[in-house]
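Below, chain A is the first sequence line, B the second, and so on; all start at residue 1.
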Amino acid sequence: MLDIRHIRENTDQVEAALQRRNAGFSVKELIVVDEQYRTVNSQWESLNRRRNEISEMFKTGKVAAEQKAELQAETKKIKESYETLGKEKDELEKKVSEMLLAIPNVPESSVPDGVDENDNAEQHRWGEIPKIADPKPHYELGVELNVFDFERGVKISESRFTVLMANGARLERAIMNYMLDSHAKRGYLEVFPPVMVNRDCMIGTGQLPKFEGDFYKCADDELYLIPTAEVPVTNLYREEVLDEEQLPIMHCAYTPNFRREAGSAGKDTRGYIRQHQFNKVELVKFCTPENSAQEHEKLTRDAELILEGLNLPYRRVLLCAGDLGFCARKCYDLEVWFPSQNKYREISSCSNFGDFQARRANIKYKGKDGGKSRFIHTINGSGLAIGRTLAAILENFQQPDGSVKIPQVLVPYLGGQEVLEPKHTLGKLDARVFAE
RNA sequence: GGAGAGGUGGCUGAGUGGUCGAAAGCGGCUUCCUGCUAAGAAGUUGAACCUGCUUUAAACGGGUUCCGAGGGUUCGAAUCCCUCCCUCUCCGCCA
């Protein structure tokens, strides 16, 4: 949420910045409604003032008997217009806040112009693209290697739900633990939040009210399945005033994530790239405005270190204004190499939200040297999407014989197993690996 | 799910119709004293929004709202009434 006062005082500037998103957002109507609201509100307040004056007279007992009836009549009269005005005021106030909640964040000045992902600016590449003759897609490899069972996923749920079998279940868990442990070493405090949250949380981090149909909602309870751990973790501190000494607060969290993927029909229908339920390790930071740019860079770097640890080739892109998410004012995407697609695919999105989420969720901090509390800045990023990491490992480390070499950092998490081989049955493997 | 208790400022907690934006304590801040490492004294200290002054901001002045949320009674509600939400205790159920 943007600051209404800032919009009022810098209307043209905000308007121009929003135009860069190419999504038809405007604050012009908001300015008009806000003006109306303030007019009605001040009228309503002066009626209130008169009413308070009258009851003050009663309080001090300085009211003559005949004046009493007169004053009571006056408040009765005030009451009528008071109620009409009050209603009008409430409606306008509601309208202003609804409009405010529907306006996206303003792109930061370093964000390049552009319409869509084609205009994103590549920042750098890392790693060597493996030379694989006729690379197989992860979903073929994975079925051979007893990693995925797509049919049974659909049977027990519906499309875009996948069962991780044997090797897949263990590899997914190994990746998750590797990520969490790595982040913990860099100072992120692990949390494991609820995956069902109330509506206030969804508004707080900006999913609602704008994107109502994108999320799973429980019919009989006002609860939503989280689309990302960003929601519960950021809302951990909703309606709180933190001390500057505590900052930056850094959390990492594993959660499953649930997305309806409405509107993405036909995209990535095969494989493990786009699921209704997927696992992710998320990084979330809370910091002062002064440090937010720097903390954003550091967080993005922390996500990159996971890819480097796994030896997966990737690139970093800076999203253009048109491709920026609703809440973000600046965002880097990390894209990992997928040999079968011969291109980089998003595996992490690291965003700086400025005070946009903090205003919605009312998260503030008190400065060291006192003074008024200020809105905090929030930053988060995937560190990383686990399923896509697993898919990328299968594809990048596939061997000519159909086996997959496990990245060294994961081997300890797999009880010493170094290769996924099609011929193994898992029962035997487990017995071998864990027999001690 | 059943029964009971309760939701007040950063925290603890008093407050059953006006003297309450709210006692007291803790914490925070300012000053002073002492001087030896931790205490003493005095003062000060809730939030949001609108508005005036000011070049802007801060500070300051004026105003409105806020004692879980919403509604009602009343000239006037933290206080009375209704609805909802949440927390705690006991019982039931249960990984």
Side-chain angles (χ1 to χ4, degrees), chain A residues 1-13 30-101 192 194-204 218 220-224 235-247 249 286 289-290 355 358-376:
Chain A
M1 183 162 67
L2 300 177
D3 181 5
I4 183 72
R5 268 182 301 188
H6 180 258
I7 298 176
R8 241 181 250 150
E9 286 158 20
N10 309 278
T11 311
D12 294 341
Q13 200 184 317
L30 169 67
I31 290 292
V32 174
V33 179
D34 173 56
E35 184 68 45
Q36 288 170 356
Y37 162 70
R38 278 183 300 150
T39 308
V40 172
N41 186 49
S42 69
Q43 288 169 359
W44 178 81
E45 282 188 358
S46 37
L47 286 180
N48 247 326
R49 181 182 188 169
R50 177 63 187 151
R51 194 191 59 170
N52 289 341
E53 271 170 16
I54 291 171
S55 59
E56 189 68 18
M57 289 188 214
F58 275 88
K59 188 164 85 179
T60 46
K62 281 179 193 153
V63 184
E66 64 273 16
Q67 218 188 338
K68 250 183 202 171
E70 203 179 296
L71 286 174
Q72 280 171 354
E74 188 184 342
T75 45
K76 275 233 161 72
K77 232 170 83 193
I78 286 178
K79 201 165 191 176
E80 284 171 32
S81 41
Y82 172 77
E83 275 169 4
T84 329
L85 265 180
K87 240 180 220 156
E88 204 180 327
K89 173 196 76 109
D90 289 345
E91 274 164 24
L92 285 167
E93 190 174 20
K94 203 176 141 203
K95 208 167 162 192
V96 167
S97 84
E98 275 170 1
M99 291 172 92
L100 263 181
L101 286 174
F192 198 172
V195 298
M196 292 169 76
V197 297
N198 59 37
R199 193 177 166 83
D200 286 344
C201 289
M202 295 290 276
I203 290 173
C218 300
D220 296 332
D221 307 276
E222 191 70 10
L223 291 171
Y224 296 79
N235 279 281
L236 239 32
Y237 303 103
R238 179 157 46 84
E239 310 287 343
E240 291 193 29
V241 180
L242 307 166
D243 287 326
E244 189 174 346
E245 278 82 7
Q246 298 172 257
L247 305 179
I249 293 176
F286 304 80
E290 291 73 23
D355 62 8
R359 281 181 192 282
R360 292 176 158 249
N362 193 23
I363 309 173
K364 297 186 171 179
Y365 75 98
K366 235 182 167 62
K368 280 185 203 126
D369 24 86
K372 271 196 144 185
S373 53
R374 298 195 291 160
F375 286 109
I376 216 160

Between [N] ([atom2]) and [X] ([atom1]): distance, integer Å:
X	N	atom1	atom2	answer
Glu239(A)	C86(B)	CD	C1'	14 Å
Asn362(A)	C66(B)	CG	C1'	14 Å
Gln43(A)	G63(B)	CD	C1'	15 Å
Asp200(A)	A69(B)	CG	P	13 Å
Asn52(A)	C20(B)	CG	C1'	14 Å
Leu92(A)	U65(B)	CG	C1'	17 Å
Leu242(A)	C11(B)	CG	P	13 Å
Asn48(A)	G63(B)	CG	C1'	10 Å

Measure the [atom1]-[atom2] distance between [X] and [Y] for me, rounded to the nearest 0.5 Å.
X	Y	atom1	atom2	value
Ile4(A)	Leu2(A)	CD1	CG	9.0 Å
Ser46(A)	Asn41(A)	OG	CG	9.5 Å
Lys364(A)	Asp355(A)	NZ	CG	11.0 Å
Tyr365(A)	Asp243(A)	OH	CG	11.5 Å
Asp3(A)	His6(A)	CG	NE2	7.5 Å

Interatomic distance at [atom1], [N] relative to [M], whole Å:
N	M	atom1	answer
A23(B)	A5(B)	P	29 Å
A77(B)	U65(B)	C1'	14 Å
U30(B)	C20(B)	C1'	27 Å
C86(B)	A69(B)	P	15 Å
C82(B)	C60(B)	P	44 Å
A22(B)	G40(B)	C1'	30 Å
C50(B)	A57(B)	P	12 Å
U87(B)	U8(B)	C1'	15 Å

Could you check Glu53(A) against Glu83(A) and say which one's nearest nucleotide on RNA chain B is further toward the 5' end?
Glu53(A)
Shortest non-hydrogen pair, Gly204(A) vs Arg360(A), comes out as O-CB, 3.3 Å
Tightest non-hydrogen contact, residues Leu30(A) and Met99(A), listed as N-CE, 3.5 Å
Given that both distances must come in under 3.5 Å, which nucleotide forms a Watson-Crick or G-U wobble pair with [N]?
N	answer
C94(B)	none
C60(B)	G52(B)
C32(B)	G40(B)
G6(B)	C86(B)
A78(B)	none
U73(B)	none
C66(B)	G46(B)
A23(B)	none

Between Asp90(A) and Lys94(A), is there a salt bridge with N-O shorter than 4.0 Å?
no
Would you please test Val197(A) and Asn235(A) for side-chain contact (heavy atoms from CB on, under 4.5 Å) and show each step?
CA-CA 9 Å; Val197(A) 297; Asn235(A) 279 281; over 6 Å; no
Does Glu290(A) form a salt bridge (Lys or Arg N to Asp or Glu O under 4.0 Å) with Arg374(A)? I'd like the steps, not just the answer.
CA-CA 12 Å; Glu290(A) 291 73 23; Arg374(A) 298 195 291 160; 3.1 Å; yes
Given protein heavy atoms under 4.0 Å, the one-letter contact record of nucleotides 76-82 of chain B, with B base, S sugar-phosphate only and - none, is simply S------
Pick out the pairs of N or O atoms, protein on one side and nucleotides 43-54 of chain B on the other, that lie under 3.5 Å.
unit_1, atom_1, unit_2, atom_2, d
A48(B), OP1, Lys364(A), NZ, 3.3
C49(B), OP1, Arg5(A), NH2, 3.4
C50(B), OP1, Arg8(A), NH1, 2.9
C50(B), OP1, Arg8(A), NH2, 3.0
U51(B), OP1, Arg38(A), NH1, 3.1

With no hydrogens and no angle check, do the side chains of Asn48(A) and Arg51(A) hold a donor and an acceptor under 3.5 Å apart?
yes
